[in-house]
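Notes for the one structure printed next.
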Amino acid sequence: MAGLSKRILSLVRDDVAALSPYDPNFTPCKINLSANENTYGMPPKVRAAIDAAIAATPTNRYPDPMSNELRDQIATWHHVRRENVCVGNGGDELLFNFFLAFGGPGKRLVDCPPTFTVYDIYSKMLGTSVVRCWRDEETFDIDVNALLLMARKADMVIVTSPNNPTGNVMAPEDVARLCETCPGIVLVDEAYIEFADGGCSCEGLLADYDNLVILHTYSKAFCLAGVRVGYVLAASDVIDVLGAVRQPYTADVFAQAAAQAVTSLRGVFTPTINRIRSERARLAEALSGLEGMQVWPSQGNFLLARMPEAAIVRARLRDERSILVRDFSSTQGLENCLRITVGTPEENDELVAAIGSILREVV
Ligand SMILES: *Cc1c(COP(=O)(O)O)cnc(C)c1O
């Protein structure tokens with residue numbers, strides 16, 4: 001952090017002083033395609049169920065600390081038991097708790113950049129050392145053999161599948177090998193799994209590997225980014241450890257009620273998810289048709305696109321068109337890349353037209 005006073009510098013740990021706050025660089029815009037939310041919004045039928053559930057929820061009592069009703073619903077959904085589920089205040093909190101439980105000084109994390117930057121922030125915060133298995137510069141695929149070698153000495157491995165921001169998945173067979181090789185815990189961050197082709201999830205491996213942790217969230221496909229609910233699936237002793245480090249009431253009564261309503265009605269999201277998948281293909285094709293543009297295939301609800309002068313394009317989209325996308329152009333390995341959330345057909349059309357005309361001017 002820049003500009004800390006001498007007094008504050010003398011009070012905080014050196015590793016904390018070296019941190020910077022997570023800043024997604026948000027600016028309010030007419031079209032927000034920057035944070036991989038579901039831009040189609042909550043289906044009205046589900047919204048009505050959430051509103052009714054919230055209206056019936058008293059606020060004077062503490063929430064169920066373990067969110068047991070929600071855990072039971074999630075367990076039924078994913079064919080595991082309540083003991084295999086931990087609910088958190090968004091996936092981010094569960095990731096933090098994962099670092100709190102299994103990371104720290106003397107512990108080693110292996111991750112596969114370019115990927116979600118939150119892992120780096122939490123490892124710094126908790127003094128965990130990080131070994132990086134860089135993805136292929138062209139395809140962003142993971143070199144599985146290199147990863148397996150590194151995993152032999154890891155306390156924790158995180159694989160993001162589909163990966164944010166590159167959109168590709170790691171095959172469950174490869175994750176199985178990873179779980180066999182790694183003496184530590186393997187976390188597969190599946191925040192975007194609902195948008196991926198069938199068979200991409202590593203859930204099916206849980207029965208075979210007691211060192212596997214799967215992270216899911218209600219923030220992306222299920223339109224609850226503003227409410228903050230996520231969950232992990234893992235062996236019961238891993239869940240016990242995560243339960244021990246967690247703060248008691250992070251899933252508040254409204255969040256539990258909303259997540260329960262969404263879980264009961266999750267089938268209602270299927271048409272929107274399919275729509276996002278078909279829009280993803282249409283948007284990828286339209287962007288690829290622009291001069292100088294490279295777009296990677298994606299299993300998430302976003303596309304990674306490389307173009308000339310990406311930082312300028314991004315600033316002009318925001319300032320002249322009120323369209324916000326995420327700039328990765330100064331991230332190592334993602335030079336001149338922007339990440340674009342797949343929006344509604346109208347949003348996507350407006351974006352493609354805007355990028356097209358800006359690119360014609362800048363190149
Ligand atoms: C969005 C995201 C999460 C979790 O988001 P929450 O809103 O905290 O549930 C986790 N991992 C990745 C890779 C994400 O993109």
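As a basis for the values below, the full set of heavy atoms in this structure was taken, side chains included, without hydrogen atoms, waters or symmetry mates. Indexing begins at 1, ligand by ligand and atom by atom, following the structure's order.
Between the side chain of W77 and the backbone N or O of S264 there is no donor-acceptor pair closer than 3.5 Å.
Contact check on E180 versus R177 returns no salt bridge, with no Lys/Arg side-chain nitrogen under 4.0 Å from an Asp/Glu carboxylate oxygen. A salt bridge links R82 with D72: at least one charged nitrogen is closer than 4.0 Å to a carboxylate oxygen. Look at R47 and D51 and you find a salt bridge, because one of the NZ, NE, NH1 or NH2 atoms lies within 4.0 Å of a carboxylate O, short of that distance.
For E93, there are no salt bridge (Lys or Arg N to Asp or Glu O under 4.0 Å) partners, not counting sequence neighbours.
When side chains are defined from C-beta on, I239 does not count as touching E83, because their heavy atoms never get closer than 4.5 Å.
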Check ligand 1 against the protein and report each N/O to N/O distance under 3.5 Å, formatted as atom name, atom name, distance.
from	atom 1	to	atom 2	distance (Å)
ligand 1	7 (O)	S219	OG	2.6
ligand 1	7 (O)	R228	NH1	2.7
ligand 1	7 (O)	R228	NH2	3.4
ligand 1	8 (O)	G91	N	3.1
ligand 1	8 (O)	D92	N	2.9
ligand 1	8 (O)	D92	OD1	3.4
ligand 1	8 (O)	D92	OD2	3.3
ligand 1	8 (O)	R228	NH2	2.7
ligand 1	9 (O)	G91	N	2.6
ligand 1	9 (O)	T217	OG1	2.5
ligand 1	9 (O)	S219	OG	3.2
ligand 1	11 (N)	D189	OD1	3.2
ligand 1	11 (N)	D189	OD2	2.6
ligand 1	15 (O)	N164	ND2	2.9
ligand 1	15 (O)	Y192	OH	2.6
ligand 1	15 (O)	K220	NZ	3.1

